[in-house]
Asks: 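What follows is a structure written as structure tokens; I'll ask about it next.
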Amino acid sequence: MESETVTRTVTCGMESSDEKNTVVEESCEIFREVMKHASDILPSFDERQWRPNDTTLYRVAVMDSDFTEREVAGLNNLKSSVCREAAQKVAESFSSWESNGKPGSRPEPVQSGYIRLPKDCYEVVENDRGFGFKGQFISYNTVWWHLDTGCYQNRYLQQVLDGEAEFGSAELFYNDGDPVVNITVRWDVEVLPVEDCDLLAGVDLGENAIYTVSVVDSDETVCEVEIERGAEFRHHRERIDRKRERLQRKGDLNAVRLSKEREKYTEYVTDKVSKDVVDLVSDFDSVGIVLEDLTDYREHAEDPIHDWPYNKIQEKIVYKAKENSIPVEFVDPSYTSQRCRQCGSLGDRDGVDFFCDSCGYE
């Protein structure tokens, strides 16, 4: 068994008031000022000091900077550990930019209406209505909010309160309305290596069949096959595309709304597809998932379907599988859809139908 850490972000609304919103708004502004100073200073540092956990940036950005009298008063109110989060957020952005080869212009992580809290600056507790959020990011001041949660959020918050997981940092967002908080939840799971599994579930993604799952044992005996047609998904997206193009030609701003509708629908489908795949595989014991590595295919295939959300579906399958202690392996996709799983010869495929001329498997 191998131990892996599962991380989930739980988004909750916060029942607030004008007084509480003022506290959040002012705190976000102080946080933004620290990030701005850190962003201005960090490029002058040696790149080896761009590490998020290096405290040099925090000391220079907060302690050695020329803040205005108003900003100094704000810094004295905001806990030092929260200010360190601001510097760390900047360092994370620059470190990621550097590790990716510095594409484009340098990062601009500064944003309004945002503050990140370390786990020692907040607490989530149960109350008679569900869960409450206790913020302790202002010196000598504690602010309580009731959290608006559903089944999804309750599951993960309760997991922490039951001692089965732990909280990480929390991010508050405020933009002229009640604040929203993203709370990080982490826990460890034991995952069996793919090569030690008794069963393998091959998952193929495509247009005609949005997914095909084939579960086989070590003797290459098929235990189960599940196919989900993709026609409805493709038809709905194409309908939105045609309508959006017509509106764009007319200069109608409703085209923007349709773009968001398309994104929302795609997000819904990728969530549903990944959940269906993992739920199906979870019915078996000692099973691993095998996905095709489509990176090279998407770049070099003669007619790659760049608009099909393969990567998003795969990403969601991976993290949902990990949560269920199911290992995932990526393999070279070359000829995987044409090769007979019974004798290894190349057969004939027509959409979701397959026939092997060599052994007759279909």
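For the single chain, residues carry numbers from 1 onward in sequence order. All heavy atoms count here, side chains included; hydrogens, waters and symmetry mates do not. Bear in mind that the values here come from a model prediction, so they are computed numbers and not experimental data.
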Asks: Which pair of non-hydrogen atoms, one from A255 and one from Q248, has the smallest distance, and what is that distance?
Replies: CB-CG, 3.6 Å

Asks: Do the side chain of S325 and the main chain of E190 share a donor and acceptor less than 3.5 angstrom apart?
Replies: yes

Asks: Are the charged groups of E245 and R242 less than 4.0 angstrom apart, N to O?
Replies: no

Asks: Kindly determine whether E171 and I183 satisfy side chain to side chain contact (heavy atoms under 4.5 Å, CB included), including the steps that lead there.
Replies: CA-CA 7 Å; E171 297 178 314; I183 305 172; over 6 Å; no

Asks: Going from SG on C340 to CG on L346, what distance comes out if it is rounded to the nearest 0.5 angstrom?
Replies: 9.5 Å

Asks: Where the side chain of Q314 meets the backbone of E292, is there a donor-acceptor pair that is under 3.5 Å apart?
Replies: yes

Asks: How close do S16 and K20 get, heavy atom to heavy atom, and via which atoms?
Replies: OG-CB, 3.4 Å

Asks: Would you say the side chain of P179 lies within less than 4.5 Å of the side chain of F173, judging by non-hydrogen atoms?
Replies: no

Asks: Are K322 and E4 close enough, and set up right, to give a salt bridge (charged side-chain N to carboxylate O under 4.0 Å, His left out), and what steps lead you there?
Replies: CA-CA 8 Å; K322 183 189 290 187; E4 295 190 27; 3.6 Å; yes

Asks: When you compare the side chains of N182 and T9, does any donor N or O come within less than 3.5 Å of an acceptor on the partner?
Replies: no

Asks: I'd like to know if the side chain of S96 and the backbone of E92 have a donor-acceptor N/O pair within less than 3.5 Å.
Replies: no

Asks: Can a salt bridge be assigned to the pair R129 and E15 using a cut-off of 4.0 Å between side-chain N and carboxylate O?
Replies: yes

Asks: Does E261 pair with R244 as a salt bridge, N-O distance under 4.0 Å?
Replies: no

Asks: Has K243 got more than 12 heavy atoms of other residues, nucleotides or ligands less than 6.0 Å from its NZ?
Replies: no

Asks: Which pair of heavy atoms, one from F284 and one from C223, lies closest together, and at what distance?
Replies: CE2-CB, 4.2 Å

Asks: How long is the straight-line distance from SG of C197 back to CG of D217, given to the nearest 0.5 Å?
Replies: 13.0 Å

Asks: When clusters are formed by joining ILVMFWY residues with side-chain heavy atoms under 4.5 Å apart, either directly or through shared neighbours, do V24 and V180 land in the same one?
Replies: no

Asks: Is the shortest heavy-atom distance from the side chain of Q153 to the side chain of F131 under 4.5 Å?
Replies: no

Asks: How many angstroms lie between atom CD of E315 and atom OG of S274, to the nearest 0.5 angstrom?
Replies: 10.5 Å

Asks: Set out, in order, the CA-CA distance, both residues' side-chain angles and the distance that settles side chain to side chain contact (heavy atoms under 4.5 Å, CB included) for T7 and V185, then state yes or no.
Replies: CA-CA 6 Å; T7 302; V185 176; over 6 Å; no

Asks: Roughly how far apart are M35 CE and C28 SG, rounded to 0.5 Å?
Replies: 11.0 Å

Asks: Any side-chain donor paired with an acceptor under 3.5 Å for N154 and Q158?
Replies: no

Asks: With heavy-atom distances below 4.5 Å as the criterion, would you say the side chains of V194 and I289 are in contact?
Replies: no

Asks: Any side-chain to backbone donor/acceptor pair from K79 onto Q136? Under 3.5 Å, distance only.
Replies: yes

Asks: Tell me which one of K312, K275, K316 satisfies side chain to side chain donor-acceptor pair (under 3.5 Å) with T270.
Replies: K316

Asks: Are more than 12 heavy atoms, taken from residues, nucleotides or ligands other than E123, located less than 6.0 Å from that residue's CD atom?
Replies: yes

Asks: Tell me whether Y319 is reachable from V278 by hopping between hydrophobic residues (I, L, V, M, F, W, Y) whose side-chain heavy atoms are closer than 4.5 Å.
Replies: no

Asks: Quick one: sort the Y265 and Y268 rings into parallel, tilted or perpendicular, breaks at 30° and 60°.
Replies: tilted

Asks: Indicate, with yes or no, if Y152 and F167 share a hydrophobic cluster defined by side-chain heavy-atom contacts under 4.5 Å among Ile, Leu, Val, Met, Phe, Trp and Tyr.
Replies: yes

Asks: For the residue pair W145 and F133, categorise the inter-ring angle as parallel (less than 30°), tilted (30 to 60°) or perpendicular (more than 60°).
Replies: tilted

Asks: Quick one: are R32 and E29 in side-chain contact, heavy atoms under 4.5 Å?
Replies: yes

Asks: Please identify which of these residues, L42, V34, I41, meets the side chain to side chain contact (heavy atoms under 4.5 Å, CB included) condition with V90.
Replies: L42

Asks: Hydrophobic cluster membership, with links at side-chain heavy-atom distances under 4.5 Å among I/L/V/M/F/W/Y: are W144 and V181 in one?
Replies: no

Asks: Going through the checks in order, is the salt bridge (charged side-chain N to carboxylate O under 4.0 Å, His left out) test met by K272 and D276?
Replies: CA-CA 6 Å; K272 182 179 183 303; D276 288 348; 2.8 Å; yes

Asks: For M14, is there any backbone N or O sitting under 3.5 Å from a side-chain donor or acceptor partner on H146?
Replies: no

Asks: Answer whether the closest heavy-atom distance between the side chains of V290 and V203 falls below 4.5 Å.
Replies: no

Asks: Ignoring hydrogens and geometry, is there a side-chain-to-backbone donor-acceptor pair from N127 to G130 under 3.5 Å?
Replies: yes

Asks: Can you tell me if N100 uses its side chain to pair, donor with acceptor, with the backbone of K102 under 3.5 Å?
Replies: no

Asks: Do F233 and L258 share a hydrophobic cluster, counting only Ile, Leu, Val, Met, Phe, Trp and Tyr and linking them when any side-chain heavy atoms are less than 4.5 Å apart?
Replies: no

Asks: Within a strict 4.5 Å, meaning less than it, do heavy atoms of the R229 and I210 side chains meet?
Replies: no

Asks: More than 12 foreign heavy atoms under 6.0 Å from CD of E195: is that the case here?
Replies: yes

Asks: Closer than 3.5 angstrom, by distance alone: can the side chain of S214 be matched with the main-chain N or O of V225 as a donor-acceptor pair?
Replies: no

Asks: Counting only heavy atoms not in E166, do more than 12 sit closer than 6.0 Å to its CD atom?
Replies: yes

Asks: Check whether any side-chain heavy atom of L172 sits under 4.5 Å from a side-chain heavy atom of Y174, and report yes or no.
Replies: no

Asks: For the residue pair V216 and L199, establish whether any side-chain heavy-atom pair is separated by less than 4.5 Å.
Replies: no

Asks: Given 3.5 Å as the limit, does a donor-acceptor pair link the side chain of W97 with the main chain of P103, or not?
Replies: yes

Asks: Would you please indicate yes or no on a ring centroid separation below 6.0 angstrom for F31 and Y114?
Replies: yes

Asks: Closer than 4.0 angstrom, basic N to acidic O: yes or no for R246 and D241?
Replies: no

Asks: Please check this pair: side chain of N324 against backbone of K320, looking for a donor-acceptor N/O pair closer than 3.5 Å.
Replies: yes

Asks: Ignoring hydrogens, what is the shortest heavy-atom contact between S27 and F137? Give both atom names and the distance.
Replies: OG-CE1, 3.4 Å

Asks: Answer yes if the ring centres of Y361 and F355 are under 6.0 angstrom apart, and no otherwise.
Replies: no

Asks: Would you compute the distance between atom OG of S282 and atom CD of E323 and round it to the nearest 0.5 angstrom?
Replies: 9.5 Å

Asks: Taking everything shown except D285 itself, do over 12 heavy atoms lie less than 6.0 Å from its CG?
Replies: no

Asks: How close do L161 and V124 get, counting heavy atoms only, and between which atoms?
Replies: CD2-O, 3.4 Å

Asks: After noting the C-alpha distance and the side-chain angles of R262 and E267, does the key distance pass the salt bridge (charged side-chain N to carboxylate O under 4.0 Å, His left out) rule?
Replies: CA-CA 9 Å; R262 186 181 192 275; E267 188 71 18; over 6 Å; no

Asks: Looking at every non-hydrogen atom in both residues, tell me the closest pair between P43 and S39 and how far apart they are.
Replies: CD-O, 3.1 Å

Asks: Rounded to the nearest 0.5 Å, what separates atom CG in D252 from atom CG in N254?
Replies: 4.5 Å

Asks: Report the C-alpha distance between S345 and C359 in whole Å, list the side-chain angles of each, state the deciding distance to 0.1 Å, and finish with yes or no for side chain to side chain contact (heavy atoms under 4.5 Å, CB included).
Replies: CA-CA 9 Å; S345 302; C359 69; over 6 Å; no

